[in-house]
Amino acid sequence: QVQLVESGGGLVQAGGSLRLSCAASGRTFSGYTMGWFRQAPGKEREFVCGIRGNTGTTYYADSVKGRFTISRDNALNTMYLQMNSLKPEDTAVYYCAATSRTLYYPTYVAPRNYDYWGQGTQVTVSS
């Protein structure tokens with residue numbers, strides 16, 4: 001079992017930056033596929049980005065390419081989401097997720113394929 005705890009959300013002006021963290025505890029972390037999702041009010045939860053275990057291969061939704069960077073530090077059992085050039089449309093609750101499975105496109109964009117979830121952290125981008 002893996003438990004995930006998110007932090008780093010907050011209020012930022014458009015064009016600003018935030019870094020989210022997702023700390024994992026429990027069983028092994030390095031081999032897990034992990035990802036970030038977000039959900040805005042009245043909308044479905046959507047995939048933001050993902051990172052493979054061991055290889056560290058990354059994948060980004062088109063809406064965040066060039067602005068967001070996903071990374072992980074296996075020694076610290078922590079995953080990060082660096083968000084730059086934030087836009088008001090990035091406003092949402094951001095969730096980290098993990099699975100022991102190896103996921104490939106398009107399976108890694110589907111929330112149902114992740115077994116473990118954090119509690120979510122609010123990101124609000126003002127105009």
Side-chain angles (χ1 to χ4, degrees):
Q1 288 290 312
V2 174
Q3 294 188 348
L4 307 175
V5 179
E6 298 154 306
S7 62
L11 175 64
V12 65
Q13 292 184 336
S17 299
L18 285 173
R19 184 173 67 243
L20 307 183
S21 298
C22 176
S25 63
R27 300 184 70 180
T28 58
F29 171 83
S30 62
Y32 279 55
T33 298
M34 303 187 70
W36 290 96
F37 293 78
R38 65 188 183 187
Q39 188 166 18
K43 297 184 178 181
E44 298 293 320
R45 188 169 299 186
E46 67 172 350
F47 175 80
V48 177
C49 54
I51 186 166
R52 302 258 180 80
N54 297 321
T55 65
T57 303
T58 59
Y59 179 80
Y60 296 89
D62 288 342
S63 60
V64 305
K65 285 181 180 177
R67 300 189 299 120
F68 291 10
T69 303
I70 188 172
S71 62
R72 64 196 297 168
D73 187 331
N74 290 336
L76 297 178
N77 286 344
T78 303
M79 178 179 65
Y80 305 96
L81 179 62
Q82 179 66 46
M83 304 184 294
N84 298 325
S85 302
L86 283 162
K87 304 175 181 179
E89 52 263 44
D90 295 319
T91 295
V93 176
Y94 283 71
Y95 299 89
C96 64
T99 177
S100 61
R101 298 172 56 203
T102 299
L103 300 180
Y104 299 89
Y105 183 86
T107 58
Y108 56 60
V109 307
R112 67 178 182 273
N113 291 323
Y114 292 80
D115 302 310
Y116 309 106
W117 292 86
Q119 80 285 358
T121 185
Q122 177 71 47
V123 172
T124 302
V125 184
S126 62
S127 301

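Ring-plane geometry between Y32 and Y116 is classed as tilted, the angle between the planes lying from 30 to 60 degrees on a 0 to 90 degree scale.
Taking CG from D90 and CZ from R67, the interatomic distance works out to 4.0 Å, rounded to the nearest 0.5 Å. Put simply, OH on Y59 and OG1 on T33 are 14.5 Å apart, with the number rounded to the nearest 0.5 Å. One finds the OH atom of Y114 at 4.5 Å from the CZ atom of F37 (value rounded to the nearest 0.5 Å). Atom CE of residue M34 and atom CG of residue L103 lie 12.0 Å apart, to the nearest 0.5 angstrom. Note that CD of Q82 and CD1 of I70 are 12.5 Å apart. Values are rounded to the nearest 0.5 Å. With rounding to the nearest 0.5 angstrom, the CE atom of M79 is 7.5 Å from the CD atom of E6.
Between G118 and Y95, the shortest heavy-atom contact is O-CD2, 3.7 Å. Listed here is the closest heavy atom pair of P111 and W117: O-CZ2, 3.4 Å. Considering every non-hydrogen atom in both N84 and S17, the closest pair reads OD1-OG, 2.8 Å. Across all their heavy atoms, M83 and V123 have their closest contact at CE-CG2, 3.8 Å. When all heavy atoms are compared, the tightest approach of V2 to A24 is CG1-CB, 4.1 Å. What you find for V64 and V48 is that their closest heavy atoms are CG2-O, 3.6 Å.
Using modelled atom types, no side-chain atom of T124 and backbone atom of T91 make a donor-acceptor pair closer than 3.5 Å.
With salt bridges taken as basic N to acidic carboxylate O contacts below 4.0 Å, one links K65 and D62.
A side-chain N or O of R72 and one of N74 form a donor-acceptor pair less than 3.5 Å apart.
Around atom CD of Q3, no more than 12 heavy atoms belonging to other residues, nucleotides or ligands sit under 6.0 Å away. Open room surrounds CD on E44; 12 or fewer heavy atoms of other groups in view lie less than 6.0 Å from it.
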Query - side-chain contact (heavy atoms from CB on, under 4.5 Å) assessment of E46 paired with R38 - result: CA-CA 5 Å; E46 67 172 350; R38 65 188 183 187; 2.7 Å; yes
Query raised in the report: Under the side-chain contact (heavy atoms from CB on, under 4.5 Å) criterion, do T58 and C49 qualify, and how do the steps go?
Result: CA-CA 7 Å; T58 59; C49 54; over 6 Å; no
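One hydrophobic cluster, built from ILVMFWY side chains closer than 4.5 Å, cannot hold both V109 and I51; they sit in different ones. Both Y60 and Y94 belong to a single network of hydrophobic side chains, linked directly or stepwise wherever heavy atoms of I, L, V, M, F, W or Y lie under 4.5 Å apart.
Aromatic ring centroids of Y108 and F47 lie under 6.0 Å apart.
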